[in-house]
Amino acid sequence: MPRYDPARIEPRWQAYWEQHQTFRTGPYEPGREKLYVLDMFPYPSGDGLHVGHPEGYTATDIVCRYRRMTGHQVLHPMGWDAFGLPAEQHAIRTGTHPRETTYRNIDTFRRQLKMLGFSYDWSREFSTTDSDYFRWTQWIFLELFDTWYDPDCEWTGPDGRQRTGRGRPIAELAIPDEIAAGGDEAVRRYQDSHRLAYQHEAPVNWCPALGTVLSNEEVIDGLSERGDHPVERLPLRQWMLAITRFADRLLDELELVDWPESIKLSQRNWIGRSTGAEVDFYIGPPETSTETLDAGFASWQADRTACGFPDAAGPDVLRVYTTRPDTLFGATYMVLAPEHPFVDRLTIDSQKEAVSGYQAQAAAKSDLDRTDLAKEKTGVFTGSHAVNPVNGSPIPIWVADYVLISYGTGAIMAVPGQDERDWEFAEVFDLPILRTVQAPEDFQGKAYTGDGPAINSEFLDGLAIDDAKARIISHLDETGQGTTPVNFRLRDWLFSRQHFWGEPFPIWHELDDEGNRTGLMRTDPDESLPVELPENFDFKPHGRPDPPLEEAPDDWLYRTDDDGTRLKRESNSMPQWAGSCWYYLRFADPQNQERFVDPQLEQNWLPVDLYIGGAEHAVLHLLYARFWHKVLFDRGHLSTPEPFGRLVNQGMILGEAELTGYRDEAGDWVSSPEIDTATFAGESVSLSGDEVEKRGENFVLKSDPGIVIDSRAFKMSKSRGNVINPDDIVAHYGADALRMYEMFMGPLEATKPWSMSGVEGVSRFLGRVWRMITEERADDPCPNRAIQDVAADDDQLRLLHLTIKSVTEDIEKLSFNTAISRLMEFTNAVGQSDPRPTALMEPFILLLSPFAPHISEELWNLLGHESSLAYEPWPEWDEARLMTATLDIPVQVNGKLRGKVTVASDADPETIQAAAESDEGVARHLDGKTLVKAIVIPGRMVNFVVK
RNA sequence: GCGAGAGUGGCGGAAUUGGCAGACGCGCCAGAUUUAGGAUCUGGUUCCCGAAAGGGAUUGGGGGUUCGAAUCCCCCCUCUCGCACCA
């Protein structure tokens, strides 16, 4: 008597699929519709799969299985984003090589995914840590290194779209004569300064106690997350990628993709394009004092009017960026970021101590501390002044950390009258405030940032903001004191890490006689790639901020080139993002030894048609991947301008809902809204469902209904102890039940709480399906004797066709929860009927198969089919079969439902109205009233309006 | 603070896009089967009044448009998720 036993049938079909290579994508067939469906690249962590993974993976699997049955050629690969810190930290703790840990974790992940029955083409699997893969990651880095961005290049891509601006080979960069005159080395340095991959000093979080560099997330309040050790900010030579050069392209071409608006918006905000003005404030040549400042101003202005606004700010001016040039007359002081190069020079002797102290303080703070915690504005006066270019008045120059060196020019003109931050600062330090926009009479606040006529602004007075901006910009332009650049919030991408477990850079630094870097570089030739990580060396922290690879064996770290130049290998490694930036390309051609992807295969399979993953990658991964894609596109390696067509974010799965009550120190219950979580010192008590009841909006304690109880679901976390392990669910209920439950929980994109009894519900459904098809009481598996080759009746056929239609349409909408409920309705209706026509059961199994493939294969097989149903044609529905002879039509009187009438489905309005009026329940409500209007919508409803 | 999304039974969620609110599942209640438990099957289950027939209320709250609103418009409240001194 075989019951539904997933533990028996699931491994069997998994083995069958593997043996028969059922889901291997064959050679691309021209003319047949293709579908490339991709899951976001998982990091194979040591904890194994969590229940969030199967959510997206099941969704994509359903689409793929469905599309194979509709005749599409489907590309559905899986691989591993396996470089990264956890394996390295594990290695430092245990001495196990990260490679070993990584490949062991991959084995676990692969086993778990196979256990869930996903239809990946495993022959395409790879890991970012495979040298055969990172060889091409390094090659792409060399392409970036070999590319400069020509903002003026007008061209039409293979996609037919016209663009201005293109990444071009560095050899095509025009060398100015004065550079060429400086010789070969000058030319090389000039080229290096234009490459998309370049070097730059950038601060890192150096923790001397741990002897390692930490990421921003690992630093909390200036202390290390592990061990609370102090963290310093140190400038270090780093690699940067000039993603900002592509900012406009990344922004504009968002219109080419089918992504959720919210994700597009996040990207737009992250790129943060703003147009404003750069304005130069005269400070005089070095050594100018406040007394002598005035003297040079007039002649400087005259020079500028004659020569115009220079590209680079000279030593005699402070250049600021502002989006509100119309408020220039209200600029009553200036502020420099503590890191601004002019700070030292502008600080007068008596202020030196205060200023350098302030700079040191700012350097110690992380970016987070400087923003989040700095409620009260801080700063120091340099003692120097600059001249406001529109009215010639000297204004003080301050240093404050509310101005960031990395945005705009690192200096601002402060307009406290129209800027809240500047107002706050002016209040603290008692600086003058001048309103230059007329606030409305009822305006109560401090700084006024709204629109209004300009005041106290001479030739701008009376103009609204936009007009005033235009007017002042043309004035600044004419006098050579300002210009209108575009600014981005987006920064260039810090592309190096001081870690061992990442891709090495294919870069060599030239050394001088003393063994110091000259700043000149050479690259590893393409054919010598990959650059492997060194073997046999201790990757433990060596106690200095520079990368662990600095301690690599000399034969890895040094060599002498043919011309006798001593070279030292780049010792930084690439960040984890690198490998995930292009993996979707490699899947189209994973074994290619000649290229990163064959151009024909790229054209065949790209772009990704459906990309599903968590919203945590809304900005960075998607932006970085788009950036690399565009560089490769510009360089002629790709035919598609965007990597991902349709993007869907799966929602988070929370832990099971919890009911929590609170008791104070005395042990008395306290209502949850009365509790201030920050100060509450009592205990929280977990309650069961029968201890509480619903009263109005809230849950309250049954024993004391005055006490309000918290009811909510929390994010799964080890510390909360509410983590669900997919292995346990599979062991208990089977993979099909887990897959179906995760799809049945609610809409794919919604955040939703886990429910163990929900899993049981779905598992019971699979049991009903099993009994509908099989004879449970027989000793060996055999079809249920109610299943017979008889004709289905009209009602059954209507239900079948309705189910086919709904399930098909729901899958296409990714509305899996409603598709499953349709399948349930079907079994509820025919699961007990006898006989059960084969012609009903077989299409049903096919409809079920994308969701619960194992049980479906088993039942299909039981009904006498020799081979897998994976490529059976998907059932089709017949609209004519959906029609019924009669329809129940609701009848309303004054909008309230008062009855229902059954009429022929093709009845005309008069017939329907007559039937409605004669309905007993309706007639009662019409009786004695005047009929004002009758609305009859055939096939839908009737509404009588009466008085 | 700014931005986005969401508020529907005891719970997760449906609702053809303006036309029978609560599909489907969980939970609960009753019945059948069973020595019993489990499993299974059948029926019921938004709330209130009522023995019933029936009636009333109801999609976070308030207002509006409409014959008709969960759905469209305005105001407010709550929750979740991003971003956060970007000049």
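To find a chain, count down the sequence lines: A is the first, B the second, and so on, and within it residues start at 1.
- Considering only side-chain atoms of Phe699(A), the nucleotide from rA4(B), rA87(B), rC11(B) that sits closest is rC11(B).
- Ring planes of Tyr402(A) and Phe425(A): tilted class, angle from 30 to 60°.
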Tabulate protein N/O versus nucleotide N/O from nucleotides 51-58 of chain B, keeping only pairs under 3.5 Å, one per line.
residue, atom, partner, partner atom, Å
rG55(B), OP1, His925(A), NE2, 3.4
rG56(B), OP1, Arg898(A), NH2, 3.4
rG56(B), OP2, Arg898(A), NH1, 3.0
rA57(B), OP2, Lys896(A), NZ, 2.8

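- Between Asn817(A) and rA14(B), a side-chain N or O to OP1/OP2 separation shorter than 4.0 Å is present.
- With a 3.5 Å ceiling on both atom-pair distances, the Watson-Crick or G-U wobble partner of rG5(B) is rC79(B).
- Counting heavy-atom neighbours within 6.0 Å of Arg881(A) CZ, excluding the residue itself, gives a total of 12 or less.
- Using a 4.0 Å heavy-atom criterion, one finds that Gln832(A) contacts the sugar-phosphate atoms exclusively.
- Considering only side-chain N and O atoms, Ser274(A) lies under 4.0 angstrom from the phosphate OP1 or OP2 of rA87(B).
- Shown for residues 932-945 of chain A: residues whose heavy atoms fall under 4.0 angstrom of RNA chain B, namely Lys933(A), Ile935(A), Ile937(A), Arg940(A), Met941(A), Asn943(A), Val945(A).
- The environment of Glu420(A) atom CD is sparse: at most 12 non-hydrogen atoms of other residues, nucleotides or ligands sit within 6.0 angstrom.
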Is there any protein nitrogen or oxygen under 3.5 Å from a nitrogen or oxygen in nucleotides 25-28 of chain B, and what are the pairs?
residue, atom, partner, partner atom, Å
rG25(B), OP1, Asn828(A), ND2, 3.0
rC26(B), OP1, Arg764(A), NE, 3.2
rC26(B), OP1, Arg764(A), NH2, 2.9
rC26(B), O2', Ser757(A), OG, 2.7
rG27(B), OP2, Arg764(A), NH2, 3.0

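- You'll find that the side chain of Val403(A) is closest to rA87(B), out of rG13(B), rA87(B), rC20(B).
- Projected onto RNA chain B by closest heavy-atom contact, Ser821(A) and Pro747(A) fall at different nucleotides, the more 5' of which corresponds to Pro747(A).
- Contact annotation: Arg771(A) reaches the phosphate of rC41(B) (side-chain N/O to OP1 or OP2, under 4.0 Å).
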